[in-house]
Number of protein chains: 2
Amino acid sequence: MGHSRTDVVAAALRVLDEQGLEFCSMRRVAAALDVQPSALYHHVPDKQTLLALMADEMVSSVRGSGPAELCRDLRRAMLAVRDGADVVATASAYRLGASAVEARLAELLRERFDDMTPWEAVESARTLLHFVFGHTQSTQMLLQAQEFAALAAGRPADAAADPPGASRADLEASFDRGVAVILAGLAARLEVVSASG
Amino acid sequence: MGHSRTDVVAAALRVLDEQGLEFCSMRRVAAALDVQPSALYHHVPDKQTLLALMADEMVSSVRGSGPAELCRDLRRAMLAVRDGADVVATASAYRLGASAVEARLAELLRERFDDMTPWEAVESARTLLHFVFGHTQSTQMLLQAQEFAALAAGRPADAAADPPGASRADLEASFDRGVAVILAGLAARLEVVSASG
DNA sequence: ACCTGAACACCGTTCAAGT
DNA sequence: ACCTGAACACCGTTCAAGT
């Protein structure tokens, strides 16, 4: 009875997680569905759109009760899939503002800083997201490099004692500090604005 | 007498600026030098390395007397070449820490915040750079979309009256605010640390 | 040292044709 | 509606061979 768009996105995410972005080609996604490459174009107009749908799927579970929680949740969702941070960051850059996560984050920022204008909240959300994407891409690349090195050295993939300051826990702490710095900066700036206004 | 590595990088930057990253293939760079594609591999081991060399060349002029000035200067350098922000951001993500700009920014941050440890300075530099790359990529993509729309509408490419809040000046002001927020956050956090320590 | 020519193993996308 | 088969116009990279 044939496949649906949902099947295509799911298969693409499987290929991405198993083989990485470099090898996540239309042809391999088609092969994963036991279908000719051209069949994909019945469900999706082009590869860029497929990648955007994959990004939406990856972040669909991201909620968050506050700005910092949402950032952590987004990070977790991206790290859950191989090269997920690259896919989400790129897709997010392409449709500036059309993102549900950005809107949700802006909303949470207005709850936290109740004198923020809607536009200030959106701009602040984007500032936070630039950091979240950048830091998470770095994290993911570093973790993959460590896995690769561990495998090449014949060690089990989860062996400890990697470069100092680059353990999973260190990277998470660094991420949290970055988010805290930006939130502190937003708080400080709003005080300046309201003091001088 | 043949070409040098410098020639290859220069030709690649010309192709990038004229045709965009999508069309900046090894084959087109070779054509720009009137040479077979395989000849490039005498000067450069692979495309990834060539892109990194192009990124280095683009940011080679970036100095800056303070953190904010360096960020603006880096932004300017990336915007000067078509898709420059993508190339520099990607190359920079690949060699975490091996960047001269990152080291210079960390140095400037230690001058500004003289109680920062070297590692805090590096981490703070990276936080700033995540924002600088992300915001500049967004800016460049938006400006290119505007140029495209203007061309498609038959208007001269520099016509005014584009979407509100997205003029060159608005984007620059937004960028400066983001940098200021992060610097304010760093200042605020350091106060907390020294007050509690 | 620097380059050519030819090949290899891929890409994304289109499109007529089938069921 | 969903898919096949075949093609088109590309990729990055390797390698023997030339000068």
Side-chain angles (χ1 to χ4, degrees), chain A residues 1-57 82-83 86-88 90-91 93-95 141 144 148, chain B residues 1-57 82-83 86-88 90-91 93-95 141 144 148:
Chain A
M1 68 198 67
H3 295 103
S4 69
R5 169 179 278 216
T6 309
D7 296 331
V8 172
V9 174
L13 280 171
R14 242 161 38 226
V15 173
L16 178 67
D17 196 43
E18 284 163 12
Q19 320 199 196
L21 182 56
E22 188 188 357
F23 300 109
C24 187
S25 64
M26 297 297 273
R27 296 175 115 99
R28 291 200 188 205
V29 172
L33 288 168
D34 265 314
V35 130
Q36 294 297 315
S38 52
L40 297 182
Y41 291 87
H42 237 270
H43 303 101
V44 131
D46 52 31
K47 189 183 182 179
Q48 192 194 134
T49 304
L50 177 55
L51 285 166
L53 292 169
M54 293 160 69
D56 287 345
E57 178 63 30
R82 169 128 79 134
D83 290 335
D86 285 272
V87 172
V88 173
T90 303
Y94 252 90
R95 24 210 247 316
M141 165 163 276
Q144 270 170 212
F148 183 82
Chain B
M1 66 199 69
H3 295 103
S4 69
R5 167 178 279 216
T6 310
D7 295 331
V8 172
V9 174
L13 280 171
R14 243 163 38 228
V15 172
L16 178 67
D17 195 44
E18 283 163 13
Q19 320 199 184
L21 183 55
E22 187 186 359
F23 300 109
C24 187
S25 63
M26 296 299 271
R27 296 175 114 100
R28 291 200 188 206
V29 172
L33 287 168
D34 265 314
V35 130
Q36 295 296 316
S38 52
L40 297 182
Y41 292 86
H42 237 271
H43 303 100
V44 132
D46 51 33
K47 190 183 184 182
Q48 194 193 133
T49 304
L50 176 55
L51 286 166
L53 292 169
M54 292 159 70
D56 286 344
E57 177 64 29
R82 168 128 78 135
D83 291 333
D86 285 272
V87 172
V88 173
T90 302
Y94 252 90
R95 31 215 236 319
M141 165 162 276
Q144 270 171 211
F148 183 83

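Predicted, not measured: the structure shown is a model, and the values here were computed from it. Chain letters run A, B, ... following the sequence lines, proteins first, then strands; residues in each count from 1.
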Rounded to whole angstrom units, what separation is found between the NZ atom of A:Lys47 and the P atom of D:dC10? 18 Å
From B:Glu18 atom CD to B:Leu13 atom CG, the distance as rounded to the nearest 0.5 Å: 11.0 Å
Could you tell me if the side chain of A:Asp83 sits less than 4.5 Å from the side chain of A:Gln144, heavy atoms only? yes
Side chain of B:Ala39 - closest among C:dC3, D:dG12, C:dT13: C:dC3
Side chain of A:His42 - closest among D:dG12, C:dT4, D:dC2: D:dC2
Could you tell me whether a side-chain N or O of B:Arg82 sits under 3.5 Å from a main-chain N or O of B:Leu21, the two making a donor and an acceptor? no
What distance, rounded to whole Å, do you find between the two C1' atoms, one in D:dC11 and one in C:dC8? 12 Å
Distance, rounded to the nearest Å, where A:Gln36 contributes CD and D:dA7 contributes P: 13 Å
Distance, C1' atom - from D:dC2 to C:dA17, rounded to whole angstrom: 13 Å
Which of C:dG12, D:dG12, D:dC3 is nearest the side chain of B:Ser25? It is D:dG12
In whole angstroms, how far is the C1' atom of D:dC11 from the CG atom of B:Leu21? 14 Å
For DNA chain C, whose closest nucleotide is more 5', that of B:Pro37 or that of A:Pro45? B:Pro37
Runs of at least three Watson-Crick or G-U pairs with DNA chain C, cut-off 3.5 Å: C:4-8 with D:12-16, C:12-16 with D:4-8
Quick one: which of C:dT14, C:dT4, D:dG12 gets closest to the side chain of B:Arg27? D:dG12
What's the spacing between B:Met26 CE and B:Leu50 CG if we round to 0.5 Å? 5.5 Å
Can you find a side chain N or O atom of A:His3 that sits less than 4.0 Å from OP1 or OP2 on D:dC2? no
Between the side-chain atoms of A:Ser38 and the base atoms of D:dG5, is any donor-acceptor pair under 3.5 Å? yes
What's the OH-P distance between B:Tyr41 and C:dC3, to the nearest Å? 15 Å
When A:Arg28 and B:His43 are each assigned the nearest nucleotide of DNA chain C, the 5'-most assignment goes to B:His43
Rounded to the nearest Å, what distance is computed from the CD atom of residue B:Glu22 to the C1' atom of nucleotide D:dG12? 16 Å
